[in-house]
Amino acid sequence: MFLTPEVLAIFILNAVFALFASIAFFLSVRIYLKWNMNSSSASQYELEKQSFLGATIIKYILITKTALFLFFIFTLDKISNVITGAMCAAGVVDATQTGASLIVLKILNIYLFALWLKLHAQDLSDKQQPYTRMKFGFFIPLFFLFAAEVILETVMFSSIEIDKMVSCCGSIYSSTSTSVISSLFLLDTSVLVALFYGSYLLIVLFYFVKNRYIFSFLNFLFIPISLISLILFFGTYIYELPSHHCPFCFLQSDYYYVGYLVYTLLFLGTFHGISVSFSKERERSYKASLLFNSLYVILLSMYVVVYYMKNGVFL
């Protein structure tokens, strides 16, 4: 078992979350199966009280878990200093068989957790609480995804061997690597950049057209396009090195922790864009999505522009 104060804190919080999430899961199943807003029976009154308790538990678990994702990345980056061969969080992720799967699952859960919180907020804003049964039904599969995340996280930290040599990010994120990520380097960079800006312009276009379903779908597609573009193209301008493609190193102090800002802007922009499809405050979601996506594109583009102004060439 690999333990540092940060890892120990994650384990303790996971244990607390698992306990309360189990209570919320039991309440969610009961409410989903028996909820009837038109009933005035004693059992329905009891369910209404339990729904308040269950929703409060779920709300604070999901809010905290979403915020803890940044702490998780910070922890990976910090413990890379004591693992042989690792230079950043990429080496820690690559040190175990479950690391990459855990990162993907955490990202998926962040979006799903945030969507649950959005649905919960809309339910509370209506006196009839029309989404109560839906939101508790939604939490049932979320509970199993949350449980899978806790299990994978425990397995990952438990299987880390400090003395075992691992690959650094320079070898993992390169065309010579045997990892899955190496297949990305077969993509044409110019086509990828055109796809990145093209998808952003489509988001802007459908902001004015106000087709919520297409706007939501475009934001969903913008997530993988942005991440791949960041690894293959924009990241090299942040590092000012054509061979450095790591999506973790710019989370470090050497790059002023800009990675946290980059990923936060991408999440906020795409989340608000995806939530447009069901949001009651649709115009607000439209504006938030366009704002944060635009800030994300401007921030990355500025690194390219500044590099060209300083050196007179592109990487």
Side-chain angles (χ1 to χ4, degrees), residues 55 58-59 61-70 72-73 103-126 130-146 148-149 192 195-231 234 247 259-300:
I58 296 170
K59 175 183 175 181
I61 288 176
L62 299 191
I63 288 176
T64 308
K65 281 295 293 181
T66 301
L68 277 176
F69 177 73
L70 296 179
F72 170 77
I73 298 298
I103 291 291
V104 172
L105 181 59
K106 277 184 172 290
I107 294 173
L108 173 64
N109 281 348
I110 283 177
Y111 279 92
L112 293 177
F113 290 172
L115 287 173
W116 188 95
L117 292 170
K118 184 82 172 181
L119 186 63
H120 174 62
Q122 290 188 182
D123 188 47
L124 293 182
S125 66
D126 192 319
Y131 303 112
T132 297
R133 188 169 182 270
M134 181 188 299
K135 72 183 181 185
F136 283 106
F138 184 26
F139 179 72
I140 293 173
L142 275 186
F143 171 78
F144 291 104
L145 288 173
F146 167 74
E149 179 185 326
L192 182 62
L195 186 61
F196 172 78
Y197 284 108
S199 59
Y200 168 70
L201 290 176
L202 283 174
I203 289 175
V204 175
L205 173 63
F206 280 93
Y207 167 79
F208 292 105
V209 173
K210 291 295 188 290
N211 187 311
R212 56 175 172 160
Y213 296 112
I214 296 180
F215 187 82
S216 179
F217 180 69
L218 288 172
N219 273 273
F220 177 76
L221 286 182
F222 194 59
I223 300 170
I225 292 172
S226 296
L227 292 175
I228 295 172
S229 301
L230 182 62
I231 294 172
F234 292 106
Y260 291 102
L261 176 60
V262 168
Y263 290 127
T264 299
L265 289 176
L266 178 61
F267 167 72
L268 290 175
T270 53
F271 165 71
H272 283 291
I274 293 171
S275 67
V276 160
S277 59
F278 67 88
S279 176
K280 290 176 65 177
E281 298 178 336
R282 201 163 297 152
E283 187 60 31
R284 183 177 179 182
S285 295
Y286 269 120
K287 290 180 179 179
S289 176
L290 184 63
L291 172 64
F292 290 117
N293 280 333
S294 297
L295 290 175
Y296 175 80
V297 172
I298 291 170
L299 176 61
L300 294 185

Check your understanding: Taking everything shown except Phe72 itself, do over 12 heavy atoms lie less than 6.0 Å from its CZ?
Key ->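 Buried by this count: over 12 neighbours within 6.0 Å.
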Point to revise | Heavy atoms of other groups near Phe220 CZ, more than 12 under 6.0 Å | key: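 Atom CZ in Phe220 is not packed in, count stays at 12 or less.
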Shortest non-hydrogen contact between [X] and [Y], atoms and distance:
X: Ser279; Y: Lys118; answer: OG-CE, 3.5 Å
X: Ala148; Y: Leu105; answer: C-CD2, 3.8 Å
X: Leu192; Y: Ile228; answer: CD2-CG2, 3.7 Å

Point to revise | Results of salt bridge (Lys or Arg N to Asp or Glu O under 4.0 Å) for Lys106 - residues two or more places apart only | key: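 So Lys106 forms a salt bridge (Lys or Arg N to Asp or Glu O under 4.0 Å) with Glu149, Glu153.
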Say you draw a straight line from [atom1] of [X] to [atom2] of [Y]; how long is it, rounded to the nearest 0.5 Å?
X: His120; Y: Ser125; atom1: NE2; atom2: OG; result: 10.5 Å
X: Lys59; Y: Leu124; atom1: NZ; atom2: CG; result: 7.0 Å
X: Thr132; Y: Asp123; atom1: OG1; atom2: CG; result: 3.5 Å
X: Phe69; Y: Tyr263; atom1: CZ; atom2: OH; result: 8.5 Å
X: Ile225; Y: Leu195; atom1: CD1; atom2: CG; result: 4.0 Å
X: Ser277; Y: Asn211; atom1: OG; atom2: CG; result: 11.0 Å

Practice item. Look only at the side chain of Ser216 and the backbone of Ile274, and say whether a donor-acceptor pair between them is shorter than 3.5 Å. Key: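 Flag set: sc Ser216 to bb Ile274 pair under 3.5 Å.
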Point to revise | Test item: Thr264 side-chain N/O and Leu261 main-chain N/O as donor-acceptor pair under 3.5 Å | key: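 No; judged by distance alone, with no hydrogens or angles, the pair does not exist.
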**Study point:** Those residues that, when tested against Leu205, pass side chain to side chain contact (heavy atoms under 4.5 Å, CB included) (two or more places apart)
**Key:**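 Here the qualifying residues are Leu202, Val209.
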**Study point:** Set of side chain to side chain contact (heavy atoms under 4.5 Å, CB included) partners for Leu201, sequence neighbours left out
**Key:**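 Per chain and number, Leu201 pairs via side chain to side chain contact (heavy atoms under 4.5 Å, CB included) with no residue.
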**Study point:** Summary of side-chain hydrogen bond (donor to acceptor under 3.5 Å, both in side chains) pairs that have at least one residue in residues 196-210, sequence neighbours excluded
**Key:**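 Pairs touching residues 196-210 that pass the test: Tyr197-Ser301, Tyr200-Ser294.
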Review point. With sequence neighbours left out, which residue pairs that include part of residues 218-229 fulfil the side-chain hydrogen bond (donor to acceptor under 3.5 Å, both in side chains) condition?
Key: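 Residue pairs with at least one partner in residues 218-229: Asn219-Ser289, Asn219-Asn293.
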Any side-chain heavy-atom pair from [X] and [Y] closer than 4.5 angstrom?
X: Ile140; Y: Phe136; value: no
X: Phe222; Y: Val297; value: yes
X: Leu108; Y: Val104; value: no

Point to revise | ring-ring contact (aromatic ring centres under 6.0 Å, His included) pairs, two or more places apart, involving residues 268-293 | key: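 Every pair satisfying ring-ring contact (aromatic ring centres under 6.0 Å, His included) with a residue in residues 268-293: Phe215-Tyr286, Phe267-Phe271.
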Point to revise | side chain to side chain contact (heavy atoms under 4.5 Å, CB included) assessment of Leu227 paired with Leu266 | key: CA-CA 9 Å; Leu227 292 175; Leu266 178 61; 3.8 Å; yes
Check your understanding: Does the ring center of Phe234 lie less than 6.0 Å from the ring center of Phe196?
Key ->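 So the answer is yes for these two rings.
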Practice item. Please name the residue in the list Leu115, Ile58, Leu119, Leu117 that meets the side-chain contact (heavy atoms from CB on, under 4.5 Å) test with Lys135. Key: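 Going through the options one by one, the only one that passes is Leu119.
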Exercise for review: Kindly indicate, with the supporting measurements, whether the criterion side chain to side chain donor-acceptor pair (under 3.5 Å) is fulfilled by Tyr296 and Thr270.
Suggested key: CA-CA 10 Å; Tyr296 175 80; Thr270 53; over 6 Å; no
